[in-house]
Amino acid sequence: MRPDSQDQSETPAGPGGLPVRNGEITIAYQPILRGAAIAVMGYFLFDLVTRLAFPVPTHPEVMLLAVLAGALSAIGVRAYLRSDRSAAQLEVAGSILCLSLFLNSNLQQTLYFSDENLLYSVLMMPIFAAILPSRRTISVAIMMCFASLVWLVQTNIPERMSDYFWIGQSGVAAGIAIALILRNAVLNSVKARLDAIRDRETAEILAAEARHLAECDALTRLPNRRSFFLELESRLARLRSHGEPFVLGLVDLDGFKPVNDTYGHAAGDEMLKSVARRLTGIAGDSAMPARLGGDEFALIAPAPCTRTETVLQLGHRIEARLSEPYDLGEYTCKGSGSVGLLVCDDPVLSTHDIMERADHALYFAKRALQGKAVLFNAALEHEMTASSQIDKALRRCDYAAEFTVKFQPQYDLVKAKIVGFEALARWESPELGTVSPDVFIPAAERAGLIRPLTQVLLSKALAEMARWPDDLMLSFNLSAHDLMSPQAMDSVLDTVTASGMTASRIEFEITETAMMSDFNQARHAINRISQAGHSVALDDFGVGYSSLQYLQQLPVSKLKIDRSFVSAMLTDSSSFKIVRTMLSLSQTLDLGCVIEGVETEAQMHILRTLGARHVQGYLIGAPMAAADVLPRLSEPTELRPSAPESLASERMRTALG
Ligand code: C2E
Ligand code: CA
Ligand code: CA
């Protein structure tokens, strides 16, 4: 309650000379005045009865009327003080009470003077000092009492003036003392109470702010991970108690890191805020979007209808909104998000189970259909169970015993001979049988086991390479996780050095996705590889972002064009154009280029006409056991399809995944 400027001049000084706020006066004096009004009313009513019982001989009606008026004014003041009043209103009410007593006493003395009754004039001073709420009213009241005392004495008994003057002075002193003591005591206690209330209010505001901060993501203002899980728990409780199903959506932006790396963190922040606004817009009031961290978002929405199409429509709306261009201040950029959806209608599932399922749907969306929504279904459930078996088997398996390396030839059309082999990992698990690298490499990455696996595979590949002719190259695949860890890179480079192999004979293949997770870290690792004398090939080129930035800023010496374009090249004109463009891009940038997945003579014929030089695929040879490498080299070097059985079995294995 801050006094406005007008009130401030009226604001009396409180204890210690500090200005007293009107609110404090109101709180302190309203009850005092209410009590005083009752006492004054009681006094006047008693006086009235006494006067009716023992009327004075002369003019009894004058005093009767005066006392009645005093009683009525006290009743009026009492009624007026039933509701809360301002400090100024309290001053007026107190003044009416005191004035009624003052006028009554002086009228009585004027009509029927008696020296004993002069005592009332003196008594009134401390009484008024106790009742009145402000220093100015107290001063006026005490001065009026003193003046009336002097006037009454002067008019009626002037010879006693000196006695009564000093008695009056004592009254003034008593009034001032009471005013000071009482006001200080009362206002101090009120101030303390108000301070305590204010402290509590401040503490409550701070606590609410802290709660808000603890529940909200500071950048996007969306509920954070913690509130998301609290909400998930409560929706789950409602599902169990009332059978209310809901939809859980997990959203992961595709290629957010490149935006951060290319345009800077301010632009990245802007993009995240924009995503938050879009999700809020889609979600509506009944749903809760949240930011789980980084570029991961989530959405909990009611599921009035659990039909697949309805839920997928929500996913498609998210996809569509996230694919709209982002205005990042100076730049506008494209973006997209993968969405994993789950209908939560099974009360038996725990929060962990639910998150695992939605996460798996998201993982599938990210892996297979970047920028699309995927609803968790029975097939994914089956896949998830298998992948958890793979995780378990990976954790307890003996890498050296169970993992082997196969080698797939890379053919130079100009030299008309095999110039190198790509090492490809194989896992023969005693529990699970043959597991495809497309399955166990991502599983090892997820489980944080790729580093020791890379180590074992590289050592095995290098050991085989030691038996090869000196002009043969080895291509070895590195995982994004290897690049992200300086220690993993240390051990990769140390292993090559320890093998004694010439660095230039070993090429490392890196996928574009490795660049996307953290471009700066990837650049650092690739520079180290290149400085150690190895060449670097960008694998699966064309599948991801195919960003020229990677080619310009990194010491990459080769592109590997993904086999998906080659396999579709004869039937799909855009695949054909992509292969042609990427081939001329590599020539323009003076980069080597390997075409992957060449399976037929027809494909090879077209590739030759397009000027391709290096090819790899079943037509030249399927991945072969280490023992078959040297015999293969001694075979005639002209092109020939792989042995039907080995090709068939390799195809079967790849298809079975
Ligand atoms: P990638 O690096 O693109 O390897 C080429 C894949 O294409 C291999 O699959 C190979 O067997 C297959 N392939 C080669 N020629 C043809 C063809 O003419 N037709 C068809 N349909 N397929 C062909 P694979 O061996 O199943 O490996 C799959 C992926 O697993 C690899 O793709 C690579 O990304 C990963 N991978 C394999 N070995 C390793 C490894 O030692 N380390 C890491 N980090 N990743 C590996
Ligand atoms: Ca590769
Ligand atoms: Ca590849």
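Keep in mind that the numbers below use all heavy atoms, side chains included, and drop hydrogens, waters and symmetry copies. We count ligands from 1, going down the list as the structure has it; atoms in each ligand are counted the same way. These numbers come from a predicted model, not from an experiment.
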A.B. asks: Which option out of Val439, Asp539, Val566, Ile441 puts a heavy atom nearest to atom 1 (P) of ligand 1?
C.D. replies: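 The option holding the nearest heavy atom is Asp539.
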
A.B. asks: Of the backbone and side-chain N, O or S atoms of Asn477, does one lie nearer to the Ca ion (ligand 2) than 3.0 Å?
C.D. replies: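 Checking Asn477: at least one N, O or S atom is under 3.0 Å.
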
A.B. asks: Taking 4.0 angstrom as the limit and counting only heavy atoms of Glu422, give me the atoms of ligand 1 inside it, by number and element.
C.D. replies: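 Heavy-atom distances to Glu422 below 4.0 Å select 2 (O), 4 (O).
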
A.B. asks: Could you name the option among Lys460, His481, Arg563 that has the heavy atom nearest to atom 12 (C) of ligand 1?
C.D. replies: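 Nearest heavy atom to atom 12 (C) of ligand 1 lies in Arg563.
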
A.B. asks: Is Arg278 close enough and on-axis enough to Tyr326, meaning under 6.0 Å and within 45°, for cation-pi?
C.D. replies: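 Arg278 over Tyr326 ring: yes.
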
A.B. asks: Does the side chain of Val374 reach to within under 4.5 Å of the side chain of Val339, using non-hydrogen atoms?
C.D. replies: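 Sidechains of Val339 and Val374: no contact.
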
A.B. asks: Using a strict 4.0 Å cut-off to heavy atoms of Leu478, name the atoms of ligand 1 that fall inside it.
C.D. replies: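 Selected atoms, number and element: 44 (N).
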
A.B. asks: Side chain or backbone, does Asn477 bring an N or O within less than 3.5 Å of an N or O on ligand 1?
C.D. replies: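 It does: an N or O of Asn477 is found under 3.5 Å from an N or O of ligand 1.
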
A.B. asks: When you measure from the heavy atoms of Glu599 to every atom of ligand 1, does any distance fall below 4.0 Å?
C.D. replies: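 Per 4.0 Å heavy-atom rule, Glu599 contacts ligand 1.
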
A.B. asks: Report the part of Arg426 (side chain from C-beta onward, or backbone N, CA, C, O) that has a heavy atom under 4.0 Å from ligand 1; answer both or neither where that applies.
C.D. replies: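 The part of Arg426 near ligand 1 is the side chain, not the backbone.
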
A.B. asks: Give the atom numbers and elements of ligand 1 that come within less than 4.0 Å of a heavy atom of Gly617.
C.D. replies: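 With Gly617 as reference, the close atoms of ligand 1 come out as 15 (N), 18 (O).
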
A.B. asks: When the ring centroid of Phe376 is compared with that of Phe364, is the distance short of 6.0 Å?
C.D. replies: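 No, too far apart.
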
A.B. asks: Which single N/O/S atom of Asp540 lies at minimum distance from the Ca ion (ligand 3)?
C.D. replies: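 In Asp540, the heteroatom (N, O or S) nearest the Ca ion (ligand 3) is OD1.
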
A.B. asks: Would you call the rings of Phe403 and Tyr399 parallel, tilted or perpendicular, taking 30° and 60° as the class edges?
C.D. replies: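 Phe403 vs Tyr399 ring planes: perpendicular.
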
A.B. asks: Could you tell me whether a side-chain N or O of Asp353 sits under 3.5 Å from a main-chain N or O of Ser350, the two making a donor and an acceptor?
C.D. replies: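 Pair found, side chain donor or acceptor close to backbone of Ser350.
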
A.B. asks: Please confirm whether the backbone N or O of Leu472 pairs with a side-chain atom of Arg505, one donor and one acceptor, at under 3.5 Å?
C.D. replies: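 Answer holds: yes.
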
A.B. asks: Any heavy atom of Lys406 closer to ligand 1 than 4.0 angstrom?
C.D. replies: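 It does not; every heavy atom stays at 4.0 Å or beyond.
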
A.B. asks: Could you tell me the separation between the CD atom of Gln531 and the CG atom of Leu493, rounded to the nearest 0.5 Å?
C.D. replies: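 Reported value, rounded in 0.5 Å steps: 10.0 Å.
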
A.B. asks: Quick test of your reading of the structure: of Val615, Asp540, Ile450, Leu424, whose heavy atom lies closest to atom 4 (O) of ligand 1?
C.D. replies: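 Looking at heavy atoms only, Leu424 sits closest to atom 4 (O) of ligand 1.
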
A.B. asks: Suppose I only count heavy atoms of Leu457 and a 4.0 Å limit; which atoms of ligand 1 are within that range?
C.D. replies: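 Matching atoms, with element in brackets: 41 (O).
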
A.B. asks: Which bit of Ala425 is near ligand 1, meaning a heavy atom under 4.0 Å away: side chain, backbone, both or neither?
C.D. replies: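 The part of Ala425 near ligand 1 is both the backbone and the side chain.
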
A.B. asks: Looking at the Ca ion (ligand 2), which N/O/S atom of Glu422 is the nearest one?
C.D. replies: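 Closest to the Ca ion (ligand 2) among those atoms: OE2.
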
A.B. asks: Judged by non-hydrogen atoms, does Lys560 sit under 4.0 Å from ligand 1?
C.D. replies: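 It does not, in that no heavy atom of Lys560 comes within the 4.0 Å cut-off of ligand 1.
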
A.B. asks: Would you give the length of the straight line joining atom OG of Ser387 to atom CZ of Phe440, rounded to the nearest 0.5 angstrom?
C.D. replies: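 Reported value, rounded in 0.5 Å steps: 14.5 Å.
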
A.B. asks: Would you name the heavy atoms of Leu619 and Met604 that are closest together and state the gap between them?
C.D. replies: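 Scanning both residues, the minimum pair turns out to be CD2-CB, 3.7 Å.
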
A.B. asks: Examine Arg291 relative to Phe228 and say whether NZ or CZ is less than 6.0 Å from the centre of the six-membered ring and inside a 45° cone about the ring axis.
C.D. replies: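 Verdict for Phe228: no cation-pi partner in Arg291.
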
A.B. asks: Is Glu596 close enough to the Ca ion (ligand 2) that one of its N, O or S atoms comes in under 3.0 Å?
C.D. replies: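 Short answer: no, not a single N, O or S atom is under the cut-off.
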
A.B. asks: Output the list of atoms in ligand 1 that are nearer than 4.0 Å to some heavy atom of Gly597, sorted by atom number.
C.D. replies: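 Those qualifying, in numeric order: 16 (C), 17 (C), 18 (O).
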
A.B. asks: Keeping Asp482 on the side-chain end and Leu478 on the backbone end, is there a donor-acceptor pair under 3.5 Å?
C.D. replies: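 No; judged by distance alone, with no hydrogens or angles, the pair does not exist.
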
A.B. asks: With a 4.0 Å heavy-atom cut-off (strictly under), which part of Gln616 contacts ligand 1: side chain, backbone, both or neither?
C.D. replies: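 Near ligand 1, Gln616 shows nothing, with every heavy atom at 4.0 Å or more.
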
A.B. asks: Can you tell me how far the CG atom of Leu474 sits from the CD atom of Gln410, to the nearest 0.5 Å?
C.D. replies: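 Taking CG in Leu474 and CD in Gln410, the distance rounds to 9.0 Å.
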
A.B. asks: From the N, O or S atoms in Glu509, identify the one nearest to the Ca ion (ligand 2).
C.D. replies: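 Nearest N/O/S atom of Glu509: OE1.
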
A.B. asks: Can you tell me which N/O/S atom of Asp539 has the shortest distance to the Ca ion (ligand 3)?
C.D. replies: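 When I compare the N, O and S atoms of Asp539, OD1 is nearest to the Ca ion (ligand 3).
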
A.B. asks: Is there a donor-acceptor contact under 3.5 Å linking the side chains of His524 and Gln521?
C.D. replies: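 Absent: no donor and acceptor within the cut-off.
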
